[in-house]
Amino acid sequence: MAQEGSKKLWGGRFAAETDALAEEFNNSLSFDRRLWREDLAGSRAHAEMLARQGIISQDEAAQIQAGLEQIEQEIESGAFPWRDEYEDVHMNIEARLTELIGPVGGKLHTARSRNDQVATDLRLWLRGALARIVEDQQRLARVLVAEAERHLEPPLILPGYTHLQRAQPVLLAHWFMAYYEMLGRDLTRTLDAMFRLDESPLGAAALAGTSFPIDRFYTAEKLGFAEPMRNSLDAVASRDFVLEALSAIAIGQITLSRLAEELVLYSSFEFGFVTLPDAFATGSSIMPQKKNPDIPELIRAKAGRAIGDLVTLLTASKGLPLAYNKDLQEDKEPLFDAVDTYQASLRLLAAMLPGLEWHPEVMRRAAAGGFALATDLADYLTRRGMPFRQAHAVVGRIVRKLQEESRELDSLSLEELRAFSELFDADALELLSVEGSVASRDVYGGTAPNQVREQIEEAKKELREERP
Ligand code: ARG
């Protein structure tokens with residue numbers, strides 16, 4: 001019956017031809033094919049349970065399992081006949097099963113609906129995808145820590161910025177470890193999303209459960225879920241598990257976009273702190289001198305995609321009545337897109353960061369210039385008893401004078417300093433070095449080398465414990 005044209009596999013009241021455009025619009029096969037492994041896994045568990053419960057015979061179950069096995073091989077080898085007239089991955093597999101084993105194939109869908117089927121498939125798929133994302137996040141975390149450690153001794157120093165104005169010198173290792181912290185929180189958000197999706201919708205059927213004596217605990221366990229979902233309406237209607245994953249990914253991609261943006265800036269001629277590895281940059285087709293940071297730029301831009309993916313599904317979910325609505329079919333493309341985007345970005349950064357060529361002298365000069373050590377002078381006066389606000393004003397006057405004379409702080413002599421305050425002594429001049437400045441930030445979480453070393457040791461311990 002369902003072989004030609006636009007006839008529906010499941011017959012029923014609307015078995016007549018549908019409008020071709022409507023059919024194309026309705027079709028999800030081009031993207032939900034990606035769920036085929038999970039669809040087969042769900043069907044295997046379901047068929048096994050049906051036989052255990054005496055709903056189908058053992059022999060029927062065995063035929064179904066053999067058919068599913070063959071379908072798996074066909075899909076893997078590329079021989080599977082994907083057909084658009086069967087709307088989605090679920091219908092394609094079911095139709096093929098009946099072709100292969102005859103009408104008994106139709107028994108697989110007993111006590112099940114595509115509504116609980118697709119919700120189950122998607123949870124299974126997302127569980128795997130998030131596990132792979134966690135691995136990629138861990139890999140990038142290891143790279144960040146390794147890079148931090150590599151640049152700790154001798155310490156590479158660059159300016160730290162606020163408002164993108166040179167503020168105070170920091171260790172490059174400290175900068176890397178800041179991204180390690182951010183990525184670590186992104187990782188725990190991924191784990192949180194995995195934790196809450198760990199329940200099985202299978203057996204909720206269309207929306208109300210089923211009149212067959214199924215065992216939902218059995219299928220839940222078979223599929224590796226902690227438990228079956230408690231409410232059948234919720235089970236088929238809810239996609240907050242996708243929203244959580246999408247928001248974890250959007251936040252994660254934002255972290256990566258910030259790192260990418262700094263690489264774009266720091267590799268510009270104006271900063272000149274770093275050169276990107278050739279494999280991750282391109283030349284200009286017209287300007288021979290240019291090396292464009294395409295990969296960081298794309299990672300930066302893809303935060304827009306990830307946010308868009310989240311907003312797409314948030315918007316599609318808003319105000320949906322219970323239970324299943326076809327709107328929910330729109331969950332897959334943004335999810336697949338966000339997962340692919342984030343994974344590629346994580347992998348690219350992990351591959352690219354070790355190849356960065358930092359330019360210590362340029363960084364150091366920038367860190368020393370622009371009066372980045374002014375706070376250190378003010379702190380000095382404060383330690384000698386001057387109220388900080390007053391010290392701030394004194395150093396402000398020093399900076400203004402130097403600016404007028406186009407000079408930097410380290411050109412000051414002791415006599416000049418003492419003209420501003422009698423509290424200055426020879427040791428004040430020692431402060432005017434970037435090394436002295438970072439070393440003095442010797443507080444928990446600060447940029448002093450021994451503090452950063454401790455952060456790195458702690459991170460290495462965390463990563464060892466996380467290693468699977
Ligand atoms: N392709 C559909 C989806 O992704 C499967 C569920 C269809 N259910 C239905 N009642 N039409 O949501």
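For ligands, and for the atoms within them, numbers begin at 1 and follow the listed sequence.
More than 12 heavy atoms of other residues, nucleotides or ligands shown are found within 6.0 angstrom of NZ on Lys291. Around the NZ atom of Lys326, the shell of radius 6.0 Å holds more than 12 heavy atoms that belong to other residues, nucleotides or ligands. Other residues, nucleotides and ligands contribute more than 12 heavy atoms inside 6.0 Å of the CZ atom of Arg34.
Residue contact check: Ser28 has heavy atoms under 4.0 Å from atoms 1 (N) of ligand 1. Of all the atoms in ligand 1, the ones that sit under 4.0 Å from a non-hydrogen atom of Lys332 are 3 (C), 4 (O), 12 (O). Ligand-side atoms of ligand 1 in range of Asp88: 1 (N), 2 (C), 5 (C), range being under 4.0 angstrom from any heavy atom.
The nearest protein atom to atom 10 (N) of ligand 1, hydrogens excluded, is given as Asn115 OD1, 3.0 Å; this is a heavy-atom distance. Annotation: atom 3 (C) of ligand 1 to nearest protein heavy atom, Tyr324 OH, 3.2 Å.
The residue from Lys326, Arg114, Gln329 that puts a heavy atom closest to atom 2 (C) of ligand 1 is Gln329.
Using modelled atom types and a 3.5 Å distance limit, the side chains of Thr190 and Gln137 yield a donor-acceptor pair.
Under a cutoff of 6.0 Å and an axis angle of 45°, Arg216 and Phe225 do not form a cation-pi pair.
Here Gln117 has no heavy atoms under 4.0 Å from ligand 1, in either its backbone or its side chain.
Distance alone, capped at 3.5 Å, is enough to place a donor-acceptor pair between the Asp88 side chain and the His90 backbone.
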